[in-house]
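Take a look at the structure set out below.
All heavy atoms count here, side chains included; hydrogens, waters and symmetry mates do not. Keep in mind that what you see is a predicted model, and the values were worked out from it rather than measured.
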Amino acid sequence: GGGLSVGLQTYLRAAARETGEALARISLESAASETLGRIAAGEEHPITPSTRSPLRLNGREVSVELSLPEGKRDLMGDPDDELGKALEPLGRGARDLPAVSARTSLSEFSAALRFSAAEEDCLRRLMTVGRAPEEFRPAAAPGAPEQLRPGAAGDQVDLRASTGSGGAERVLWLRARLTGQISTGWRIHDYRLLRVAGVVGERCGA
């Protein structure tokens, strides 16, 4: 009887964790879809790098941030010295780049440098893949917003949705490209779920 009780408690705890993870993911994806839907429908002009008012979904508060690929350094298109400068908030620099061949995705690059989830979260605020040959525009970087008017097919935006408390967050990063079509307003080119700890400013060296 005692063994059955312990086993049942373990099962219930595991089931509760799985349910919580599923609800968190659903909430993050719902907040992302709501935001992208407004952008694709042309309801938000102009769009700038910004933090939106939190949404209440499934009993959770979900924060949404938008950032622009042209305001970030490109792993595949920018010189190593510029990439090194962008890595400085993470305690890395150009010296770390020659040994890293995985530059086709941020998740692979992060794994190659053995970054934690929190460090990858910061990395995604600073870098991108696929911006080039478009030029880097400092005025479009987070903290120095430049107006962007998406609506034409091909316009892209990075979206970060997060939920959590007590210094721990579940985070969803998406890269969305607008299609200009009514049936499918956007397509996803990057999808990354992270479980991170710590305050954003602390993670990014602020």
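A heavy-atom distance below 4.5 Å is not found between the side chains of Trp173 and Ser107. For the pair Leu28 and Leu193, the minimum side-chain heavy-atom distance is below 4.5 Å. Trp186 places none of its side-chain heavy atoms less than 4.5 Å from the side chain of Ile39. Here the side chains of Leu87 and Leu126 are not in contact, with every heavy-atom distance at 4.5 Å or above. Using a 4.5 Å heavy-atom cutoff, the side chains of Glu29 and Tyr191 are in contact.
Ile26 and Val62 are assigned to two separate hydrophobic clusters, defined by single-linkage of ILVMFWY side chains at heavy-atom distances under 4.5 Å.
Under 3.5 Å, the side chains of Thr128 and Arg175 contain a donor-acceptor pair of N or O atoms.
Remark: Glu120 engages Arg124, Arg192 in a salt bridge (charged side-chain N to carboxylate O under 4.0 Å, His left out) (not counting sequence neighbours). Among residues two or more places apart in sequence or in another chain, the side chain to side chain donor-acceptor pair (under 3.5 Å) test is passed with Thr104 by Glu108.
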Can you list the steps and then say if Phe136 with Glu82 is a side-chain contact (heavy atoms from CB on, under 4.5 Å)? CA-CA 11 Å; Phe136 171 68; Glu82 296 298 336; over 6 Å; no
For Asp158 and Lys72: C-alpha separation, side-chain torsions, deciding distance, then whether side-chain contact (heavy atoms from CB on, under 4.5 Å) applies. CA-CA 10 Å; Asp158 288 339; Lys72 303 177 183 182; 2.9 Å; yes
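Rounded to the nearest 0.5 Å, atoms CD (Glu119) and CZ (Arg114) are 12.5 Å apart. Considering CG of Leu123 and CG of Leu75, their distance stands at 6.5 Å, rounded to 0.5 Å. For the atom pair CE of Met127 and CG of Leu106, the computed distance is 8.5 Å after rounding to the nearest 0.5 Å. Separating the CG atom in Leu90 from the OG atom in Ser116 is a distance of 8.5 Å, to the nearest 0.5 Å. The distance from atom CG of Leu194 to atom CG of Asp121, rounded to the nearest 0.5 Å, is 6.0 Å. Rounded to the nearest 0.5 Å, atoms CG (Asp78) and CZ (Arg73) are 5.0 Å apart.
Taking a cutoff of 4.0 Å between a charged side-chain nitrogen and a carboxylate oxygen, Glu169 and Arg160 qualify as a salt bridge.
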